[in-house]
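The structure under discussion appears below in the form of structure tokens.
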Amino acid sequence: MNTSITTASQLIKLVDSHLKTAKRQRKIPLLAVIGPTASGKTAFGIALASHFNGEIVSSDSRQIYRGMMIGTAQPTAKEKAQARHYLVDFLEPDQPFNLAEYQRLATAKLQDIEKRGKLPLLVGGTGLYISSITENYLLPDSQPDQELRLKMNKLAEEQGKEAVHLLLEKLDPEAAKRIHHNNLRYVIRALEIACRKKKFSAVSTAGQSPDKSPEQSPFYPLFLEVRWPREILYQRIEKRIDQQMEQGLLKEVKNLLTKYDENLPSISSLGYRELGLYLQDKITLADALELFKKNTRNFAKRQLTWFRKFPQVYSIPGEALSEVINDLLTVRPAGTGKTARPKEK
RNA sequence: GCCGGGGUAGCUCAGUGGUAGAGCGAAGGACUGAAAAUCCUUGCGUCGCCAGUCCGAUUCUGGCCCUCGGCA
């Protein structure tokens with residue numbers, strides 16, 4: 001289901017009623033601002049936070065890294081002054097990070113915000129991270145195993161990806177059926193889980209598909225999606241990349257590459273990878289920018305695919321966004337906290 | 001104006017007397033510990049226009065239009 005919201009008053013009404021329902025259900029209300037890259041989530045999130053007395057937890061897998069402010073479009077200092085942000089700009093680019101850790105950190109932060117009487121917001125475009133919170137993923141008890149990953153990657157190189165998939169077929173036929181043999185990354189992860197289950201077979205539920213339990217989630221999310229016509233979105237992506245270049249993205253990338261390995265997940269983010277190719281003289285700057293833009297468009301498309309599966313989403317047409325933001329920021333007289341959520345108990 | 005190359009999918013091009021394909025792009029999809037990652041699926045388009053030959057032409061012939069290169 002999908003409903004369109006075009007004015008601030010509609011939005012305020014919607015949020016107020018959502019807060020009431022959450023209270024009735026004894027859950028923590030959560031505003032989840034979603035949308036593809038360059039759709040305007042950051043500004044929208046800040047306006048919501050400011051209007052509803054909220055604080056923002058990022059659900060962006062790349063804004064977590066330090067020293068990557070331009071390329072990942074982290075909130076600026078000015079924006080951070082308008083609303084508190086968490087899980088942004090806090091991790092060195094060579095530090096490992098993963099879904100489980102995100103889920104743990106984000107959950108704790110969101111709960112903490114609520115305890116302090118503020119409204120928690122989740123703002124960002126990483127579908128997997130969002131879902132892990134809003135759908136309450138129950139992650140399998142299986143740590144990443146770097147040694148196994150290396151071994152399996154080597155096996156794939158020597159004997160082909162099918163060889164690795166064949167291994168999975170023996171250990172977990174169900175998972176093997178679900179995962180395409182070319183998707184080496186997924187196959188290896190499934191092997192990690194399968195090996196773990198084998199060791200602790202007493203408690204395993206073999207071959208079960210991944211689990212979630214939204215009913216038992218502590219949160220009651222309201223999805224707000226910023227939506228643009230496809231062509232306009234692509235124009236915005238192009239424009240933003242040009243702006244990032246003007247802000248000195250090339251210098252930022254250069255700086256990171258002198259310190260870090262180009263194969264790190266952080267450094268292989270959009271823009272960093274393409275500009276890295278240019279800095280290594282492998283392609284021209286014009287080609288790098290074109291590739292950067294194309295890859296970003298493709299990424300936006302994947303994000304949209306992910307968001308389509310959320311059951312109930314309220315969409316704000318991009319054309320109406322700036323007025324909504326403006327109204328959110330002006331409706332509430334500054335400092336009175338008049339429309340702030342009343343604290344229960 | 002003359003000589004030559006070419007006009008086929010959004011782009012670059014391959015190809016055949018029985019109405020066509022590859023790469024790129026694009027679109028759609030999957031996704032539970034690397035996720036801005038990783039992976040899967042999808043190609044009827046007046047084969048430049050008009051006429052002729054032929055059972056049949058995108059493929060051959062003629063004319064026209066357009067385009068690129070060379071010479072003027």
Side-chain angles (χ1 to χ4, degrees), chain A residues 36-39 41 58-65 68 70-74 91 93-106 124-146 148-150 152-153 156 161 164-165 175 177-196 208-214 230-231 234 237 240-241 244 249 253 261 263-276 287 290-310:
Chain A
T37 185
S39 58
K41 294 185 294 295
S58 165
S59 50
D60 185 300
S61 69
R62 301 296 149 131
Q63 290 183 0
I64 62 176
Y65 296 113
M68 298 177 62
I70 299 172
T72 67
Q74 286 175 357
L91 194 72
D94 58 353
Q95 292 305 301
F97 194 74
N98 61 45
L99 178 65
E101 194 151 349
Y102 174 77
Q103 196 189 32
R104 205 156 32 234
L105 291 174
T126 304
L128 179 67
Y129 285 10
I130 298 164
S131 291
S132 77
I133 301 296
T134 60
E135 293 181 50
N136 200 28
Y137 280 3
L138 307 174
L139 298 175
D141 177 25
S142 173
Q143 302 275 330
D145 181 345
Q146 294 308 329
L148 180 81
R149 289 181 183 189
L150 279 173
M152 289 300 116
N153 274 308
K161 293 172 178 173
V164 186
H165 192 260
K177 220 182 286 173
R178 221 170 43 230
I179 303 168
H180 194 276
H181 60 262
N182 279 345
N183 202 346
L184 187 60
R185 207 169 268 203
Y186 284 24
V187 172
I188 293 177
R189 174 59 190 155
L191 274 170
E192 264 169 19
I193 296 169
C195 290
R196 172 86 188 169
Q208 203 181 45
S209 57
D211 221 349
K212 59 187 172 188
S213 165
R230 186 69 63 94
E231 317 80 69
Y234 286 178
I237 287 172
R240 173 148 93 181
I241 288 176
Q244 287 173 326
L249 179 58
V253 176
D261 182 67
N263 295 313
L264 286 166
S266 54
I267 308 298
S268 60
S269 299
L270 284 168
Y272 299 89
R273 194 202 304 217
E274 294 84 355
L275 291 176
D287 284 349
E290 207 175 305
L291 192 62
F292 179 12
K293 287 169 181 174
K294 189 207 78 183
N295 287 340
T296 305
R297 289 194 295 268
N298 292 167
F299 167 56
K301 207 160 83 63
R302 270 177 274 136
Q303 289 179 297
L304 291 168
T305 300
W306 189 290
F307 298 148
R308 259 173 232 145
K309 71 182 175 187
F310 289 135

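Below, each value reflects all heavy atoms present in this structure, side chains not excepted, and no hydrogens, waters or symmetry copies. Throughout, protein chains are lettered first and strands after them, A, B, ... in sequence-line order, and every chain is numbered starting at 1.
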inquiry  = What's the gap between B/A72 and B/U46 when it is taken at their C1' atoms, as a whole Å value?
reply    = 38 Å

inquiry  = Counting only heavy atoms from other residues, nucleotides and ligands, does the tally under 6.0 Å from CD of A/Q95 exceed 12?
reply    = yes

message = Check A/E192 with A/R189, please: is the shortest side-chain N to carboxylate O separation under 4.0 Å?
response = yes

inquiry  = Once you apply a heavy-atom cut-off of 4.0 Å, does A/S131 come out as touching a base, just sugar-phosphate, or nothing?
reply    = nothing

inquiry  = To the nearest 0.5 Å, what is the distance between CD1 on A/I179 and CG on A/L184?
reply    = 11.0 Å

query = If we take the C1' atom in both B/G70 and B/G63, what is their distance in whole Å?
reply = 25 Å

message = Rounded to whole Å, please give me the gap between OH in A/Y137 and P in B/G33.
response = 9 Å

For nucleotides 23-26 of chain B, which of its nitrogen or oxygen atoms have a protein nitrogen or oxygen under 3.5 Å away, and what is each distance?
unit_1 : atom_1 : unit_2 : atom_2 : d
B/G25  : OP1    : A/K294 : NZ     : 2.4
B/A26  : OP1    : A/R297 : NE     : 3.4
B/A26  : OP2    : A/N298 : ND2    : 3.3

ask   = Applying a 3.5 Å limit to both distances, which nucleotide forms a Watson-Crick or G-U wobble pair with B/A26?
value = B/U42

remark   = Which of A/W306, A/Y102, A/Y137 passes ring pair (Phe, Tyr, Trp, His ring centres under 6.0 Å) with A/Y129? It is A/Y102

ask   = Using a cut-off of 4.0 Å on non-hydrogen atoms, how would the nucleic acid contact of A/Y272 be classed: base, sugar-phosphate, or nothing?
value = nothing

Distance, C1' atom - from B/A30 to B/G10, rounded to whole angstrom = 27 Å

Residue-phosphate contact under 4.0 Å: A/N182 side-chain N/O, B/C40 OP1/OP2 = yes

task = Can you tell me the distance, in whole Å, between the CD1 atom of A/I188 and the P atom of B/A35?
result = 15 Å

query = B/U8 and B/U59: how far apart are their P atoms, nearest whole angstrom?
reply = 14 Å

task = Using only side-chain N and O atoms of A/R62, determine if any of them is under 4.0 Å from OP1 or OP2 of B/A35.
result = yes

task = Could you tell me the separation between the CD1 atom of A/I179 and the P atom of B/A34, rounded to a whole number of Å?
result = 13 Å

query = Considering only the C1' atoms, how many Å lie between B/U61 and B/U53, rounded to the nearest integer?
reply = 7 Å

query = In whole Å, what is the span from the CZ atom of A/R302 to the P atom of B/U41?
reply = 16 Å

message = Please tell me if A/Y102 has a side-chain N or O lying less than 4.0 Å from either OP1 or OP2 of B/G33.
response = no

task = Please tell me which of the listed nucleotides, B/G33, B/A35, B/A30, lies nearest to the side chain of A/Y129?
result = B/A35

query = Given the C1' atoms of B/A57 and B/G18, what is the spacing between them in whole Å?
reply = 9 Å

request  = Answer yes if the side chains of A/R240 and A/T296 hold a donor-acceptor pair under 3.5 Å, and no otherwise.
outcome  = no

message = With hydrogens left out and only the distance checked, is there a donor-acceptor pair under 3.5 Å joining A/Y186's side chain and the base of B/C31?
response = yes

key: Integer angstrom distance from the P of B/U19 to that of B/C47   = 13 Å

ask   = Roughly, in whole Å, what's the span from CD1 in A/I193 to C1' in B/A34?
value = 13 Å

ask   = How close or far is atom P of B/C40 from atom CG of A/N183, stated in whole angstroms?
value = 7 Å

message = If I take atom CD in residue A/E290 and atom C1' in nucleotide B/C11, what distance separates them, rounded to the nearest angstrom?
response = 11 Å

inquiry  = Between A/G127 and A/L99, which residue's closest nucleotide on RNA chain B lies nearer the 5′ terminus?
reply    = A/L99

query = Quantified in whole Å, what is the P atom distance between nucleotide B/U12 and nucleotide B/A20?
reply = 23 Å

key: Interatomic distance where CG belongs to A/N98 and C1' belongs to B/A35 [whole Å]   = 11 Å

ask   = Taking only N and O in the side chain of A/S132, is any of them less than 4.0 Å away from OP1 or OP2 of B/U32?
value = no

ask   = Taking OP1 and OP2 of B/U32, is either one under 4.0 Å from a side-chain nitrogen or oxygen of A/R189?
value = no

request  = Give none if B/A14 has no partner; otherwise give the nucleotide forming a Watson-Crick or G-U wobble pair with it, both distances under 3.5 Å.
outcome  = none

query = Does the B/G33 base have a donor-acceptor partner in the side chain of A/E101 within less than 3.5 Å?
reply = no

